[in-house]
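Below is one structure, written out as structure tokens; the observations come after it.
All of these numbers come straight from a predicted model, not from anything done at the bench. Chain identifiers are assigned alphabetically (A, B, ...) following the order of the sequence lines, protein sequences preceding nucleic acid strands; residue numbering begins at 1 within each chain. Quick note: numbers below take in every heavy atom, side chains included, and nothing from hydrogens, waters or symmetry partners.
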Amino acid sequence: MGRFLAKRLGSMLLAFFGMTIIAFGLIRVIPVDPVEAYFTMNQIPISEEGLASMREEEGYNRPLLVQYSTWLVDAMTLDFGESFVSKKSVTAELLQRFHVTLTLAATAFIMIVTVSLTVGIWSATKRGGFIDWLSRSFIFTLASMPSFWLAFVFVYIVALKWGLLPLMGWGSFAHVILPAGTLALGFIPYYIRLIRSSMLEEVNKPHVVFARARGVKESVIIRRHVVKGILPQLVTSLAMTCGGLLGGAAIIEIVFTISGVGRFVVESMFARDYFVLQGFIVMIGGLYIVFNFVADLLCALVDPRVRIKGDGA
Amino acid sequence: MLEIQQLSIWIQTENGEKQVVRDASMMIPAGQTVGIVGESGSGKTMLCHAVMQLFRDSRRYNGDILFEGRSLLAMDEQEMRQLRGNDIALIMQNPIAMFNPLVTVGDHFVETMQAHTPVKKQQALKIAAQQLARFQLPDPSILKKYPHELSGGMLQRIMIALAASLSPKLLLADEPTTALDTLTQLEILEELALYQQQTNTSMLIVSHDLGVIAKMADTIVVMRRGQIMEYGPADCILVEPVHSYTQALLAAKDNKYSLEQLVDAWTGEVSGELYEYRQGHWVRQEETSC
Amino acid sequence: MKKKIALISSSVLVLLLIAMAIFAPWLAPNDPYATNMALKLQGFSTDYPLGTDYLGRCVLSRLLYGARVSLFIALSVLVVTLFISMFVGLLAGYVGGIVDLVLMRICDIFLAIPDFVFALVIVGALGGGIRNMFIAIVLVSWVGFARIIRNMVRSLKESTYVQYARTIGVPKRKIMIRHIVPFVFPQILLLKLIGLGSTILLISELSFLGLGVSAPMAEWGMMISDSKTYLMSHPMLMFLPGIMISFTVLILNWFGDALREAMDPKAI
């Protein structure tokens, strides 16, 4: 188990460093000179000497590798510099909004897991009937709708027409339901289909037939043999989705005017506030490692073969 | 004990229905062992599944199967579930695929017993350990092991112990020794025979290997392409096979490697009616080519 | 039979969709860019079948022209990523060794960043506009497919007929063209077609954020974004483009599914 996790952690760290290179390189490929951008942003008159001294001061004249390593060391201590716009530290700005996005993403995550497991298992066991067909068609249609548009439709119907839930903003739990629900809806169809199809594959496996031949109750077969069998695959996919939820939150936060990390990042991007973007990529990269490591740990707990051989079967 | 009456089975495939068993009738008297021998695709495994009523959704049956006088085809799923594992137990081929890789051996026992009796987990594990000891697996730590940690031969023994743990009245063994090495095959057969003697359980053994059947069965059924070719007491069939297909099988009995080839090489047509060659010994009439 | 009906009817719908995009200039009742402040936010009428938007532009005409943008970008992304994925996948799979290792680690990095975040960052760095959105979508879309191709090539390489071709001394390049590409290509094309719907969704998301097409151009995601403020008074302005996106994606997804069913019952 130790070997398996170490191996996985190694490749995740590698990917993480790749992401830091992308984050660092970002500022080099942009068509705008960051120093000039800084000057314009702060309405400092641009002069050649001013630019040059700033470049010197910020180390833009040193070799790229040196620049990268100093940047990386700073990044590892969560120092991404100051936001051009607010003059506050990027880390502080991101952290200040992080709990909002986290609440949104976590609620959506719980919704995804509960709804997809319930509907997916149910539709797999009732396969072939009219209800199954109906739910599949519904899911298929749902999967085709852009989530930001659905968000507006919900706002219009649930909040504007019926007045059931608060329209926009943030504060109480009622504020979370609609945005989190919309965010979750973008992923639920995928998961229902994944659960349904992998369960149908699992149901035909010889060991499930054998369990039935031993007279084991159908509910026990589903719970212990079928659902347990699809868990490793499900957990791995969910880990990828966690990152997607944090990213997808941006669009939902904009629709519902919630000041979370996502909306902040999009706004910073329009303001060409590149240090924020850099910080955000590194943050996503760090979380990616956390999510995937937890997923691997869970897989190892469910599947004894991973624990022993050090390699998933 | 078990009576199969003119059973025909159709399975549903993508291209419509396909008949896999045609008008098969046989009886398994209490305490006796019946062996079905035939090549792969002869419908013998389908018969086992039919008795267990597995894959009900995708198969269609004609005829009837009576277990202690009750029709299995007429039973609903709930009644059938109570019968499976409890009154009729099945040992399947390829034991490695039959155990859930994510569940310990012990839990396989516990769930089987708890499906039929209100037994506590600890009690079930105790019974499981006793059952395993009976089939030459005295080490109780096996119960904590996962299937991939055990060999095919061990898993096959565990499967037999699992089937025996609720003392079924009828034991179906579908290719119980295929995919095992020769020595283990022999041991397992001996254990099965011993178990049969001790408990007087009725048994149905299915194999492509006439050697296995000859060792175990009181009555032999020879099948080919879903039809019974010859059906009678083992003493008669082994000594004096009537149908040319049985003769070919018997001639190849001791030569394992040529058996499958021989079965394939036998090109005779499956046709004609079954007739009673002797008391209790039925043979399918061969159409003479002259 | 059922499969055939699904395939034929979905293909017809896809063709209708493409026809709608191609013939938009003839189908549209009005100039999609002509503003008329006197006639802004009108309801349905004979002149403007689906009303007008906040600048008095014909909604129906803009919806029809919107199909051009989405389908054109999605199809170009398909073609370009097809080549990039094929190239990387074949290279990694066939050459193997250090090349494979490096390429796959690069894939790992791309896969680690959520698609939407990645596209956001690229468009953010390069600026908005069709060209940059196109680059961003290409960059996020090639990775998964490259890995699939690489795995396919690896298993094909072990197959007996490729092994045989190698033993009798068929040159590598010939093996690739004769035995590997013809096998891999149709399967990847199929997967790409299945993915068309999600590309359209990504385009609309980026445009909604204002990162895609620039102002006067008619694009569904941007039309939704434009109608935000009028949600209360003129919800139709927001509903219609969304319905267009949903229908387009639905048809493409259905077509992809039907094609997969028809081509390979084993499912990929």
Side-chain angles (χ1 to χ4, degrees), chain A residues 1 4 123-132 198-236 295-313, chain B residues 12 45 48-49 51-58 77-105 107-117 144-149 155 158-159 162-166 168 171-172 174:
Chain A
M1 180 156 159
F4 162 72
S123 125
T125 47
K126 300 266 181 292
R127 134 190 64 122
F130 175 70
I131 305 269
D132 179 37
S198 49
M199 268 184 68
L200 290 183
E201 202 174 290
E202 201 72 17
V203 161
N204 288 322
K205 284 200 174 157
H207 73 252
V208 176
V209 175
F210 182 51
R212 200 163 286 133
R214 284 180 284 134
V216 178
K217 285 191 189 110
E218 203 60 25
S219 57
V220 178
I221 292 181
I222 295 293
R223 198 172 62 236
R224 173 178 267 166
H225 295 285
V226 180
V227 176
K228 199 172 180 180
I230 66 167
L231 273 185
Q233 195 195 351
L234 188 63
V235 165
T236 316
D296 285 341
L297 212 60
L298 286 174
C299 283
L301 282 179
V302 175
D303 193 338
R305 288 166 298 182
V306 174
R307 288 204 289 272
I308 291 154
K309 274 197 316 200
D311 205 37
Chain B
Q12 274 158 23
T45 299
C48 279
H49 291 168
V51 174
M52 293 305 272
Q53 285 291 293
L54 298 167
F55 309 109
R56 275 187 153 172
D57 299 340
S58 57
E77 192 54 29
Q78 179 60 21
E79 284 176 287
M80 201 54 228
R81 183 191 72 72
Q82 282 163 356
L83 222 62
R84 288 183 199 129
N86 200 14
D87 295 317
I88 310 175
L90 177 64
I91 301 166
M92 296 167 107
Q93 57 181 322
N94 192 7
I96 294 165
M98 293 302 156
F99 286 88
N100 185 341
L102 311 180
V103 173
T104 59
V105 170
D107 284 340
H108 279 92
F109 274 92
V110 173
E111 68 176 15
T112 312
M113 281 184 245
Q114 284 183 340
H116 302 288
T117 50
K144 290 202 183 69
K145 291 223 161 98
Y146 286 93
H148 71 276
E149 299 172 82
L155 287 173
I158 293 168
M159 206 191 284
L162 193 54
S165 60
L166 283 161
L171 189 64
L172 309 178
D174 181 9

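- Per-residue heavy-atom pair counts under 4.5 Å with chain A were compared for B/Asn100, B/Asp57, B/Asn94, and the maximum is reached by B/Asn100.
- Your options are B/Ala97, B/Ala163, B/Ala115, and the one with the most heavy-atom pairs under 4.5 Å with chain A is B/Ala97.
- When every heavy atom of A/Phe210 is checked against every heavy atom of B/Met159, the shortest pair comes out as CZ-CG, 3.3 Å.
- With a 4.5 Å cut-off on non-hydrogen atoms, A/Val220 touches chain B through its side chain but not through its backbone.
- In this structure, A/Glu201 places its CD atom where only 12 or fewer heavy-atom neighbours from other residues, nucleotides or ligands lie under 6.0 Å away.
- Side-chain contact check for A/His207 versus B/Pro101: some heavy-atom pair is nearer than 4.5 Å.
- A search for side-chain contact (heavy atoms from CB on, under 4.5 Å) contacts involving A/Asp132 returns A/Ser123, A/Arg127, A/Ser135, A/Arg136, A/Arg196, not counting sequence neighbours.
- Contacts between residues 224-232 of chain A and chain B, defined by a heavy-atom separation under 4.5 Å, are made by A/Arg224, A/His225, A/Lys228, A/Gly229.
- Comparing B/Leu162, B/Asn86, B/Ile88 by heavy-atom pairs within less than 4.5 Å of chain A, the highest count is held by B/Leu162.
- With a threshold of 4.5 angstrom between heavy atoms, B/Leu54 approaches chain A through side-chain atoms but not through N, CA, C or O.
- Between B/Pro147 and B/Leu155, the shortest heavy-atom contact is O-CD1, 3.8 Å.
- By the 4.0 Å N-to-carboxylate-O rule, A/Glu218 lies close enough to A/Arg212 to be salt-bridged with it.
- Between B/Thr104 and B/Lys144, every side-chain heavy-atom pair lies at or beyond the 4.5 Å cut-off.
- In terms of heavy-atom pairs under 4.5 angstrom with chain A, the leader among B/Thr112, B/Leu166, B/Leu90 is B/Thr112.
- Contact check for B/Leu172 versus B/Met92: no side-chain heavy atoms found under the 4.5 Å cut-off.
- Here B/Arg81 is the residue among B/His49, B/Arg81, B/Gln78, B/Met52 with the most heavy-atom pairs under 4.5 Å with chain A.
- Between B/Gln93 and B/Thr45, some side-chain heavy-atom pair lies under the 4.5 Å cut-off.
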